[in-house]
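In what follows, a single structure is set out as structure tokens and then discussed.
Chain letters run A, B, ... following the sequence lines, proteins first, then strands; residues in each count from 1. Fair warning: this is a prediction, and the values are worked out from it, not measured in the lab.
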Amino acid sequence: MIDALLSPLRAVGKYAILMGRAFASVDEIRIYWKNLFIQMVRIGIDSVPIVALAAAFSGAVLTVQTAYQLETPFIPKTIIGSIVAPSIMLELGVVIAGFILAGRVGARIAAELGTMRVSEQIDALEAMGLNSIGFLVLPRVLAGLIMFPVLYVVSCVVGIGTGIFTGHIGGFLSVSEFLKGARQFFQLLDPFIGFVKSLTFGFIITSVACYKGYYTQSGAEGVGDSTTQAAVLSCVFILVADLMVALLLL
Amino acid sequence: MIEVENISKSFGALDVLEDVSIEVRDGEKLAIIGRSGSGKSVLMKHFVGLLQPDSGHVYVDGEDLCCAPYEQVRHLRMRFGVLFQGGALFDSKTTFGNIAFPLRYFSSMTEDEIEARVQECLDLVRLSEVGDKNPSELSGGMRKRVALARAIAMEPQYILYDEPTSGLDPETSNTINDLINHLAKELNVTSVVITHDMHSVLEVADRVAFLHGNDLEWVGTVEEIHECTNPHLNSFVKASEYTIDEASATASLSGSSV
């Protein structure tokens, strides 16, 4: 019973130590810069198509459904733009991207490090005298912190773009009406909050996946467990962090 | 010299090592034998600081691995080459990339010098032609030899072999044993071989340490094994001889049927 209660606390402690050791080796990144660059491509650039696809559909659907709900002569059409653009910048653009990346990036990192752990490749790195946490964990977490805001920008641009396009093609509102509405209620705080969320989600997804992968046990089954847990935990923590950031900054 | 002083290690409720002490003398080939699960690999991982003992000390050339800061441990680890049980080759890299890996990070060699050194290591393990192959394209024995080439690339002072012949056919096992002897002689390294393969022990070792029931029960030379009175070691050796005899009989039977 006590062990079951202490187990999550132990996990939090272990996670904190891992992250502490990763950031303590930040001065070694000049040795591992090539690895950081590779991870930035894998985590960021390679994720652009799927993030753009999700953003495109969510922008289009949001425009259509907002137009449907506000279909009354008493509300100006520009309001659709006023709702769609901030919704994407504040919430949809970053949360949908976060969920997709929890599956794509989180699962990949956990599976990669988990396989390296069970096949003793991490031990081999350590036995050579290499700092395996600095070499494997730090570049992935830094790449997440650098590239998730970039993906957030992609998500917003594509989401709002397809919102404008769908509104125009579907005959709900013109491009100028959409842009006028979007500008009318625009606050710099909206993209700032989205940016903070993207940084937070980037850290959550990569760090949780690194933690799960790095401490994988029990062969192929362990790799499967780590991969699933990395994706599921990341999604749960994204939801919690989304609320926390909103409560703190709004 | 590696000195292990009264180390104990448990994983949860499972006691793996209890008050184990042993020394590995410079230039010798020490075989650590014992049944599966007797803690051989756990002991070996203490030699290079991959595991920390619950109590006791491990000294490498007089420096305590257990109390040293991480940076010093990393520095000490550079004196070691480790051949892991499954090879532990980086599957994202080619054979060449695997052997060149430590050289790129820990030496000031130019790319041409690295290429020459990699080829030299591949020649030493008699695999001159596989530089551009991926680990997945290699057989079990070849993977172990490539891992050995990687282990010797930095010209280590100590080489640790974790089950170097496990899962290999007798002929490939003999090749690996020959390589261990050859490398020890050529490079003048201290070798520690973790194994339960008595063939390998007889071929390779100068001294033998026998682990049983969390404890180091017997240490002696290869010649002394057959005269020892330890019942567990005698039983282990007898079982191995039976296996060897059985394997030889099977080999001769299959040979005669062809």
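More than 12 heavy atoms of other residues, nucleotides or ligands shown are found within 6.0 angstrom of OH on Y70(B). For Q217(A), the CD atom is loosely surrounded, since the number of other residues' heavy atoms within 6.0 Å does not exceed 12. Within a 6.0 Å radius of CE in M109(B), other residues, nucleotides and ligands contribute more than 12 heavy atoms. By the 6.0 Å contact criterion, CD on E113(B) is enclosed, its count of non-hydrogen atoms from other residues, nucleotides or ligands being greater than 12. Shown here is F23(A), whose CZ atom has more than 12 heavy atoms of other residues, nucleotides or ligands within 6.0 Å. The environment of F57(A) atom CZ is sparse: at most 12 non-hydrogen atoms of other residues, nucleotides or ligands sit within 6.0 angstrom. Counting heavy-atom neighbours within 6.0 Å of H182(B) NE2, excluding the residue itself, gives a total above 12. For F165(A), the CZ atom is loosely surrounded, since the number of other residues' heavy atoms within 6.0 Å does not exceed 12.
Rounded to the nearest 0.5 Å, atoms CE (M116(A)) and CZ (F90(B)) are 6.0 Å apart. The line from CD of E126(A) to CZ of R74(B) is 8.0 Å long, rounded to the nearest 0.5 Å. Within the model, atoms CD1 of I122(A) and CG of L50(B) stand 11.5 Å from one another, a figure rounded to the nearest 0.5 Å. Distance check: E71(B) CD to N131(A) CG gives 7.0 Å after rounding to the nearest 0.5 Å.
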Worked check of side-chain contact (heavy atoms from CB on, under 4.5 Å) between M128(A) and R150(B): CA-CA 10 Å; M128(A) 283 175 197; R150(B) 186 179 66 183; 3.5 Å; yes
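Heavy-atom distances place no part of L76(B) under 4.5 Å from chain A, backbone and side chain included. In this structure, no portion of S25(A) lies under 4.5 Å from any heavy atom of chain B. Contacts of F84(B) with chain A are made by both backbone and side-chain atoms, with heavy-atom separations under 4.5 Å. Both the backbone and the side chain of L130(A) have a heavy atom closer than 4.5 Å to some heavy atom of chain B.
Nearest heavy-atom pair across E120(A) and Q85(B) is OE1-N, 3.7 Å.
Ranking G129(A), S119(A), A124(A) against chain B, the residue ahead of the rest is G129(A), based on heavy-atom pairs under 4.5 Å. When L89(B), V48(B), V82(B) are compared by the number of non-hydrogen pairs under 4.5 Å with chain A, L89(B) comes out ahead.
Between Y32(A) and Y105(B), the angle of the ring planes lies from 30° to 60°, which puts this pair in the tilted group.
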